[in-house]
Amino acid sequence: MSDRERDWDFYLRTVSNSARDSSFANDPASYPSLLHAVKKLCDFCRQEEKSSEDLVARVYPHINKLFQRSTASLSQPTSPNGILLLVILQFFLDFGEVVLHDADPSLRTFFRSCLSREFADPVVAAATLDFLNVNKNKLLFSFPNLLPQFFPLLLKLIAWNGEKLEKAFLKVFPGLVSPGSFLPLFPSLVDLPILVVALEKVERSSGSLIGSSIASIQKSAAPEMLLALMDEAYTGSTIGDGGGDSESEESSTIDVADPVFLELLKDENDGLAERHWTSPGVAAVLQAATNSPQSDRLKQILNITPRLPDMYFTIALRDANNSLIPILMARNSTLFPDKNYMYEVRRRLLEFMLASFQRSPDFIALLKKPIVDRLGEAYDSPEKTELALQLCWAVGEHGGGGGSHKDAARELFESLELLLYENLSSSRLGLRQESINSDSRNFRKSSQSRLLCFVITAIAKLATYHRELLPRARVALGKFVARSRISDSRVWRRARDYLGLMDDPAICLSVLGPSRPSHGYPHNPGTVNWNDGGTKMIAHIPFYILGEQEGPPFHDFSFPDILPRRR
């Protein structure tokens, strides 16, 4: 017998004994030798080209039985089986066709029984991502629903292990997106910092996360954990402190907060669920997290998370799904309260929303109702003001969805009118200025002026695109010019200039018309087609050269200097 054959027999005997003897399989001391034996058997099967199928057939019953016994023993805290199960899963993926083994149930068993208990182990987490990356194409082709179903569990890997796994996770991330996970995935992404806070609370309340199933904690220890969480948030004490009558107060908030934390800590995708971030319990937890020093883990995830929506939005923009935009609008004002994090995430949300409208202008008409609702909240908070401002720009720039959506354009126009008339009668901001300091008052006035500039421009652009709205636009802007109490003269002057432009439809179309080719125009109406300059008069030229400068022209060149000459 050759050395190779002796090694094969030794490793096969080791695996066979482990598969039969549960005490051997569950002994931590035997784990290294068992792992080595399984790896060597897999290597033998890959290296033997001629007798590979015979070797696979001989080893498969023992490997399969070992997998079943190992997953059954995962409830024991001394059972470190994560790496071993990944090696066996690789064997199933490589040779499943030879032995007619369907790897899908085995993969799901690994996620549910092993990874849910060992995601906090950095070695298992890194090995899992490496396994998914090595087999990415095979998993996406043969098991397309696997990663989308378990995306909440995979998000725990990056949430708990941080920047050291970021590169590997970004390679896996596209596989998490599917029709069934597309919408639920986005809230989970932007809530990764809150997931970290929840996991850290679980660890402080129930001990190490390694070897403990979050699902079992939710069923047995969740009430006590959440009670302690609420007590700490409201009183700064713990349940062990026994402070006064705080018990009744915590009991009143736990019922509200409990579903939110169960939703955060789940392992599988069960659809899009509403997250009540305005509930008193969650607000108290976020306030407590904000007032206490940030952990290194939380700092890392606050840095990582804004980069994940970049990849997500690239996929979303390619698929052109309008059902995501209302979720973006709702989440724009409900993010983890960290200044830099909120800025980075909101910037990406607004950029994606505008890019979606640019790619599919009809989304504006289809999403008329949520847009109107957000315009009505324009003065509720600075972040809602910024969202309303961007929506005003999109509505005007894309003509309320296009020429075929006249009813939607009219309703959007009426919402813009309402915003304008509210400022004519009594500004919401003005009603509140007595109770705020001068710096805040100046900021609010600046935000109001900026928003009104966009509202006025959107009204003028909509009326230019949909000519039936022109009389109403003249009335609205005329009233604003005549009665406006806004101290910023730039807003008043912009309304006056637009009124003047509306008296000349051709120039008005050139300046305020749609940015895309439409109505039979061979080029964008808002740009100069310089190639026609040698034979035609270009009405756009004065506006581009003067650049809104008042008084006589400041240039000292002639048209031949800037127009192409015929040769």
Side-chain angles (χ1 to χ4, degrees), residues 177-187 189-190 271-274 309 312-334 346 348-378 380 383-419 451 454-455 457-469 472-473 512-519 524-526:
V177 184
S178 75
S181 67
F182 178 72
L183 293 180
L185 179 58
F186 174 74
L189 286 180
V190 297
L272 183 63
E274 184 178 1
Y312 176 84
F313 287 148
T314 300
I315 299 172
L317 196 60
R318 180 191 65 201
D319 295 340
N321 191 321
N322 67 2
S323 55
L324 175 62
I325 296 178
I327 301 176
L328 301 187
M329 296 179 186
R331 292 309 308 269
N332 179 68
S333 58
T334 53
R346 282 190 182 125
R348 287 164 169 83
L349 298 190
L350 295 176
E351 287 176 354
F352 168 76
M353 187 177 65
L354 295 180
S356 298
F357 289 147
Q358 176 69 26
R359 176 166 180 159
S360 304
D362 59 312
F363 281 4
I364 295 175
L366 297 175
L367 299 172
K368 170 194 61 182
K369 177 62 167 59
I371 291 176
V372 169
D373 292 342
R374 301 309 164 190
L375 292 178
E377 301 171 352
D380 289 356
E383 55 270 15
K384 291 184 178 181
T385 300
E386 184 64 25
L387 175 60
L389 185 148
Q390 301 294 340
L391 290 174
C392 286
W393 183 89
V395 169
E397 180 69 10
H398 303 295
S404 60
H405 299 282
K406 294 189 177 296
D407 291 339
R410 187 191 71 255
E411 294 185 40
L412 292 168
F413 183 90
E414 291 170 353
S415 297
L416 295 170
E417 270 186 324
L418 181 60
L419 270 178
L451 176 62
F454 277 73
V455 171
T457 302
I459 286 176
K461 292 187 120 184
L462 271 179
T464 303
Y465 203 116
H466 301 275
R467 304 295 295 175
E468 67 276 6
L469 298 175
R472 293 179 61 174
L512 299 176
S515 59
R516 291 185 163 206
S518 60
H519 299 299
N524 296 342

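Just so we're clear, the structure is a prediction, and the values are computed from it rather than from any experiment.
- K461 and G396 get closest at one heavy-atom pair: CB-O, 3.5 Å.
- Under the rule for a side-chain contact (heavy atoms from CB on, under 4.5 Å), the partners of S181 that lie at least two apart in sequence or sit in another chain are P148, F151, S178, N269.
- How far CG of L389 is from NZ of K384: 16.0 Å, rounded to the nearest 0.5 Å.
- In terms of heavy-atom proximity, P184 sits nearest to G271 at CG-C, 3.7 Å.
- Looking only at side-chain heavy atoms (C-beta outward), F313 and L349 come within less than 4.5 Å of each other.
- The CD1 atom of I364 sits 8.5 Å away from the CG atom of L391 when rounded to the nearest 0.5 Å.
- I459 CD1 to F454 CZ: the interatomic distance, rounded to the nearest 0.5 Å, is 14.0 Å.
- Using a 4.5 Å heavy-atom cutoff, the side chains of L375 and I371 are in contact.
- Residues satisfying the salt bridge (charged side-chain N to carboxylate O under 4.0 Å, His left out) criterion with R348, sequence neighbours excluded, are D310, E344.
- You'll find the side chain of F413 stays beyond 4.5 Å of the side chain of V395, heavy atoms only.
- A distance of 12.0 Å separates CD of E397 from CD of Q390, quoted to the nearest 0.5 Å.
- Formation of a donor-acceptor pair under 3.5 Å by the R359 side chain with backbone atoms of L317 is found in this model.
- Of all heavy-atom pairs between S356 and I325, the closest is CB-CD1, 3.9 Å.
- In this view, D373 and K369 satisfy the salt bridge (charged side-chain N to carboxylate O under 4.0 Å, His left out) rule, not counting sequence neighbours.
- The side-chain contact (heavy atoms from CB on, under 4.5 Å) check on H466 picks up K406, A409, L462, E468, L469, with sequence neighbours excluded.
- For the pair F186/R331, a side-chain contact is recorded, criterion being any heavy-atom separation below 4.5 Å from C-beta on.
- Of the possible polar contacts, one joining the R346 side chain to the N332 backbone as a donor-acceptor pair under 3.5 Å is found.
- Note that the CG atom of L354 and the CH2 atom of W393 stand 6.0 Å from one another [nearest 0.5 Å].
- In this structure, the side chain to side chain donor-acceptor pair (under 3.5 Å) partners of K368, at least two apart in sequence or on a different chain, are E411.
- Under the ring pair (Phe, Tyr, Trp, His ring centres under 6.0 Å) criterion, F363 pairs with no residue, sequence neighbours left out.
- Here the closest heavy-atom approach between residue L451 and residue C392 is recorded as CD1-SG, 4.4 Å.
- Applying the side-chain contact (heavy atoms from CB on, under 4.5 Å) test to P370 and every residue at least two apart in sequence or in another chain returns P326, M329, L367.
- Remark: S323 engages L183, N321 in a side-chain contact (heavy atoms from CB on, under 4.5 Å) (not counting sequence neighbours).
- Taken to the nearest 0.5 Å, the CD atom of E383 stands 6.0 Å off from the OG atom of S333.
- For F182, the ring pair (Phe, Tyr, Trp, His ring centres under 6.0 Å) test picks out Y312, with sequence neighbours left out.
- Scanning both residues, H398 and P361, for their nearest heavy atoms gives CB-CB, 3.9 Å.
- A458 and L416 make their closest contact through CB-CD1, 3.7 Å (heavy atoms, listed as atom of the first residue, atom of the second, distance).
- E414 meets the salt bridge (charged side-chain N to carboxylate O under 4.0 Å, His left out) test with R410, R472; sequence neighbours excluded.
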